[in-house]
Participant: 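Okay, here's the structure, questions in a sec.
In this text the structure is predicted, and so the values were computed from the model without any measurement.
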Amino acid sequence: VTGSGKTEVYIHAITEALRLGGRAIYLVPEIALTPQLIGRLESRFPAGEIAILHSGIGPAVRYDQWRKIERGEAKIVVGARSAVFAPVDNLRLIIVDEEHDASYKQDERMPYNARDLAVVRAKQQGAAVVLGSATPGLQTCHNTREKAYVYLALTKRVEQRELPCVEIVDMKNERDVNGKVRSLSRLLVEQIGRTLEAKKQSLLFLNRRGFNTYHYCGDCTHVFRCLNCAVSLTHHLSEGALRCHYCDFSVKAPPVCPECGGNRILSYGLGTERLTAEIENLFPQARVARMDSDTTSARGSHERILHALGCGEIDILVGTQMITKGHDFPDVTLVGVISADTTLNMPDFRAAERTFQLLTQVSGRGGRGESPGAVVIQTLNPGHYAIQRTRTHDFAGFYDDEIALRRDLGYPPFSRMINITVSGTGKELVEKGAARLGKQAGGIAGGSEYKGRLTVIGPMEAPLGKVRGRYRRQLLVRGKQVRALHTFVRQLIEGADIPGCEIRVDVDPMNFM
């Protein structure tokens with residue numbers, strides 16, 4: 001469970017690995033988690049034996065750390081996903097903390113999953129690998145039942161502390177005088193007030209940054225969209241700009257509509273910037289901070305915000321999913337989830353799994369000290385099993401619900417997938433190229449070698465049909481035998497003839513957008 005003290009278990013395991021003359025790699029999913037972790041490790045091990053590897057440190061420092069590891073001076077390597085490649089000799093232990101986290105998967109350039117590579121590397125070097133999480137991935141949990149993975153459970157919080165009490169608010173009943181759904185329920189506002197009176201801290205989680213997420217003309221309904229991507233632009237009020245969160249295209253927020261010349265420009269949707277402004281208006285006496293990729297772009301900004309929270313200089317922290325994982329602050333007694341439906345409505349078969357993981361993880365940030373914690377989850381879909389299982393902290397129940405659906409539909413872990421993306425700067429060229437590739441795939445799949453062993457789905461337009469100026473179409477290959485899938489895709493790509501298009505292959509995709 002969250003707050004069970006698994007970091008202490010990791011430290012004991014590292015101590016044993018070092019006693020045996022070996023070295024260890026400790027992976028975390030977010031750069032923001034490294035400062036607190038380094039502090040804990042340095043209190044138990046000599047600072048000179050610890051190396052840090054992640055993209056948040058400068059190239060010169062990263063090079064020095066790499067050389068330190070290569071020379072054998074560092075016995076413990078801490079970092080984000082790329083640290084799995086650290087040149088560690090005599091490796092005895094790899095820890096993958098929050099192993100379920102999608103941040104371990106790299107989608108850009110060479111796609112890889114650091115969690116899976118950790119298992120492969122540990123096997124190759126005769127090391128132990130520990131995958132830790134309060135909400136393990138369904139694949140990992142399935143492996144404890146079907147493969148030789150050993151399952152170790154921590155079922156109680158440290159010092160027998162209680163798990164936070166979770167309350168679910170149906171936002172369909174929370175409307176203003178105009179019938180519009182409120183940003184904050186009456187219960188959450190009341191709980192924030194109580195927390196401030198008790199001189200404790202609150203975390204408010206909203207997985208959308210910006211002020212408004214949708215900018216449009218009230219006269220002709222023109223939507224302000226990115227020129228490079230098939231998405232609407234997000235309004236960032238403090239910058240006076242509309243920005244794309246995929247390619248970072250930015251334009252000054254126009255006073256009039258470029259289509260009809262009307263000046264009735266309206267905004268819709270809630271982002272962390274607007275939520276912060278609303279909280280500041282409701283609680284002017286509170287010290288409010290925001291933590292998202294806009295406020296943490298500068299080097300060291302993660303550490304400054306988390307240090308301020310740890311020192312009690314922040315009363316209410318508003319943030320995206322970077323506040324949901326791994327942090328341990330005893331004075332945080334209230335957690336508010338502003339919209340549990342954001343991930344639930346994603347076009348992905350893992351939507352329920354990700355929702356349960358996010359909600360359980362962020363709920364686990366509350367009540368880690370002596371004071372009990374409270375969680376308020378706002379949703380338009382209170383009866384969904386992922387949300388109901390979060391209320392009772394019931395991972396086993398969620399696993400049973402979800403695994404039955406996956407089995408019936410033939411989704412992982414009962415199959416493996418490979419996603420093939422065809423992209424290019426010309427829409428018609430990409431459509432024709434993807435259609436040709438799909439025809440070739442159908443022909444190969446229909447042969448005696450593969451018949452009945454795999455399924456080809458598509459080609460179809462990607463959920464985000466255009467990103468960074470490139471049009472995108474996808475072909476999904478699904479089957480039970482990974483060797484057959486690899487052979488099939490290799491044969492397909494080697495015989496592909498679609499000039500002007502790029503083909504990218506992603507094995508075991510985590511993101512279909």
Participant: Between Ala118 and Ile94, which heavy-atom pair has the shortest distance, and what is it?
Facilitator: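 Looking at all heavy atoms of both residues, the shortest contact is O-CD1, 3.6 Å.
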Participant: Is there a donor-acceptor pair closer than 3.5 Å between any side-chain N or O of Arg436 and the backbone N or O of Asp497?
Facilitator: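 Judged by distance alone, yes, a pair lies under 3.5 Å.
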Participant: To check you understand the geometry: which heavy-atom pair defines the closest contact between Met171 and Val181, and what is its length?
Facilitator: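 Taking Met171 first and Val181 second, the nearest heavy atoms are O-CG1, 3.7 Å.
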Participant: Can you tell if the side chain of Ser423 reaches within under 4.5 Å of the side chain of Arg472, non-hydrogen atoms only?
Facilitator: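 A side-chain contact exists here, since the closest heavy-atom pair is under 4.5 Å.
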Participant: Going by side-chain hydrogen bond (donor to acceptor under 3.5 Å, both in side chains), Thr272 matches just one of Thr295, Asp292, Thr320. Which one?
Facilitator: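 Among Thr295, Asp292, Thr320, the one that satisfies the side-chain hydrogen bond (donor to acceptor under 3.5 Å, both in side chains) with Thr272 is Asp292.
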Participant: In chain order, what residues pass the side chain to side chain contact (heavy atoms under 4.5 Å, CB included) check against Asn113, with sequence neighbours excluded?
Facilitator: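 Per chain and number, Asn113 pairs via side chain to side chain contact (heavy atoms under 4.5 Å, CB included) with Tyr104, Lys105, Arg115, Asp116, Met510.
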Participant: Can a donor-acceptor pair be found, under 3.5 Å and without considering hydrogens, that links the side chain of Gln388 to the backbone of Pro382?
Facilitator: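 Pair found, side chain donor or acceptor close to backbone of Pro382.
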Participant: Please answer whether the main-chain N or O of Gly137 pairs with a side-chain N or O of Glu353 as donor and acceptor at a distance below 3.5 Å.
Facilitator: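 Side chain of Glu353 to backbone of Gly137: no pair is present.
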Participant: At their closest point, which heavy atom of Ile57 faces which heavy atom of Arg62, and how far apart are they?
Facilitator: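 Nearest heavy atoms, Ile57 then Arg62: O-NH1, 2.8 Å.
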Participant: So His54 and Thr34, do their side chains get closer than 4.5 Å, heavy atoms only?
Facilitator: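 Yes, close enough: below the 4.5 Å cut-off.
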Participant: Which value, rounded to the nearest 0.5 Å, describes the distance between Glu402 atom CD and Tyr385 atom OH?
Facilitator: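 Result: 3.5 Å between the selected atoms.
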Participant: Determine, stepwise, if the pair Glu174 / Ser185 fulfils side-chain hydrogen bond (donor to acceptor under 3.5 Å, both in side chains).
Facilitator: CA-CA 6 Å; Glu174 299 282 337; Ser185 63; 5.2 Å; no
Participant: Return yes if some donor-acceptor pair links the side-chain N/O of Arg365 with the main-chain N/O of Gln361 below 3.5 Å, else return no.
Facilitator: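 Such a contact is found between Arg365 side chain and Gln361 backbone.
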Participant: Using only atom types and a distance under 3.5 Å, with no angle test, would you say the side chain of Arg23 pairs donor to acceptor with the backbone of Ile69?
Facilitator: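 Judged by distance alone, yes, a pair lies under 3.5 Å.
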Participant: Is it the case that over 12 heavy atoms from other parts of the model lie below 6.0 angstrom from the NZ atom of Lys172?
Facilitator: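 Enclosed.
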Participant: If the test is side chain to side chain contact (heavy atoms under 4.5 Å, CB included), which one of Asn419, Thr421, Ile457, Leu492 qualifies with Leu475?
Facilitator: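 Among Asn419, Thr421, Ile457, Leu492, the one meeting side chain to side chain contact (heavy atoms under 4.5 Å, CB included) with Leu475 is Leu492.
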Participant: Any idea which heavy atoms bring Cys229 and Cys244 closest together, and the distance?
Facilitator: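 Taking every non-hydrogen atom into account, SG-SG, 3.8 Å.
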Participant: So how far is it from Leu131 CG to Tyr149 OH, rounded to the nearest 0.5 Å?
Facilitator: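 Going from the CG atom of Leu131 to the OH atom of Tyr149 covers 6.0 Å.
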Participant: Indicate yes or no: at least one non-hydrogen side-chain atom of Thr390 is less than 4.5 angstrom from one of Ser363.
Facilitator: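 A side-chain contact under 4.5 Å exists here.
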Participant: With the side chain counted from C-beta on, respond yes when Leu405 and Tyr411 share a heavy-atom pair under 4.5 Å apart, and no when they do not.
Facilitator: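 They are not in side-chain contact.
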Participant: For Gly410, is there any backbone N or O sitting under 3.5 Å from a side-chain donor or acceptor partner on Ser415?
Facilitator: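 Checking the backbone N and O of Gly410 against the side chain of Ser415, a donor-acceptor pair under 3.5 Å is found.
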Participant: Once you round to the nearest 0.5 Å, how far does CZ of Arg504 lie from CD of Gln474?
Facilitator: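 Here the rounded value is 11.0 Å.
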Participant: Would you give the length of the straight line joining atom NE2 of His384 to atom CZ of Arg389, rounded to the nearest 0.5 angstrom?
Facilitator: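 Here the rounded value is 12.0 Å.
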Participant: Below 4.5 Å, heavy atoms only, C-beta onward: do Ser301 and Met291 meet side chain to side chain?
Facilitator: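 Sidechains of Met291 and Ser301: no contact.
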Participant: Just verifying a value: how many Å separate Asp341 CG and Asn207 CG, rounded to the nearest 0.5 Å?
Facilitator: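 So the CG of Asp341 and the CG of Asn207 are separated by 12.5 Å.
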Participant: Supply the atom-to-atom distance Arg243 CZ to Asp248 CG, rounded to the nearest 0.5 angstrom.
Facilitator: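 With rounding to 0.5 Å, CZ (Arg243) is 5.0 Å from CG (Asp248).
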Participant: Could you tell me whether a side-chain N or O of Arg290 sits under 3.5 Å from a main-chain N or O of Val318, the two making a donor and an acceptor?
Facilitator: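 Between the backbone of Val318 and the side chain of Arg290 there is no qualifying donor-acceptor contact (under 3.5 Å).
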Participant: Using modelled atom types and a 3.5 Å cut-off, is there a donor and acceptor pairing between side-chain atoms of Arg92 and backbone atoms of Ala128?
Facilitator: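 The answer is no, because no donor-acceptor pair under 3.5 Å joins these two groups.
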Participant: State whether the number of non-hydrogen atoms from other residues, nucleotides or ligands found under 6.0 Å of Lys75 atom NZ is greater than 12.
Facilitator: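 Result for NZ/Lys75: open.
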Participant: Could you tell me if the side chain of His486 sits less than 4.5 Å from the side chain of Val507, heavy atoms only?
Facilitator: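 Side chain of Val507 against side chain of His486, heavy atoms only: contact under 4.5 Å found.
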Participant: Counting only heavy atoms from other residues, nucleotides and ligands, does the tally under 6.0 Å from OH of Tyr246 exceed 12?
Facilitator: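 No - once you tally the heavy atoms of other residues, nucleotides and ligands closer than 6.0 Å, there are 12 at most.
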Participant: Could you tell me if the side chain of His393 sits less than 4.5 Å from the side chain of Val166, heavy atoms only?
Facilitator: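 Contact flag for Val166/His393 side chains = yes.
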Participant: Salt bridge check: are Lys466 and Glu461 linked by an N-O gap of less than 4.0 Å?
Facilitator: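 Salt bridge between Lys466 and Glu461, a charged N being under 4.0 Å from a carboxylate O: no.
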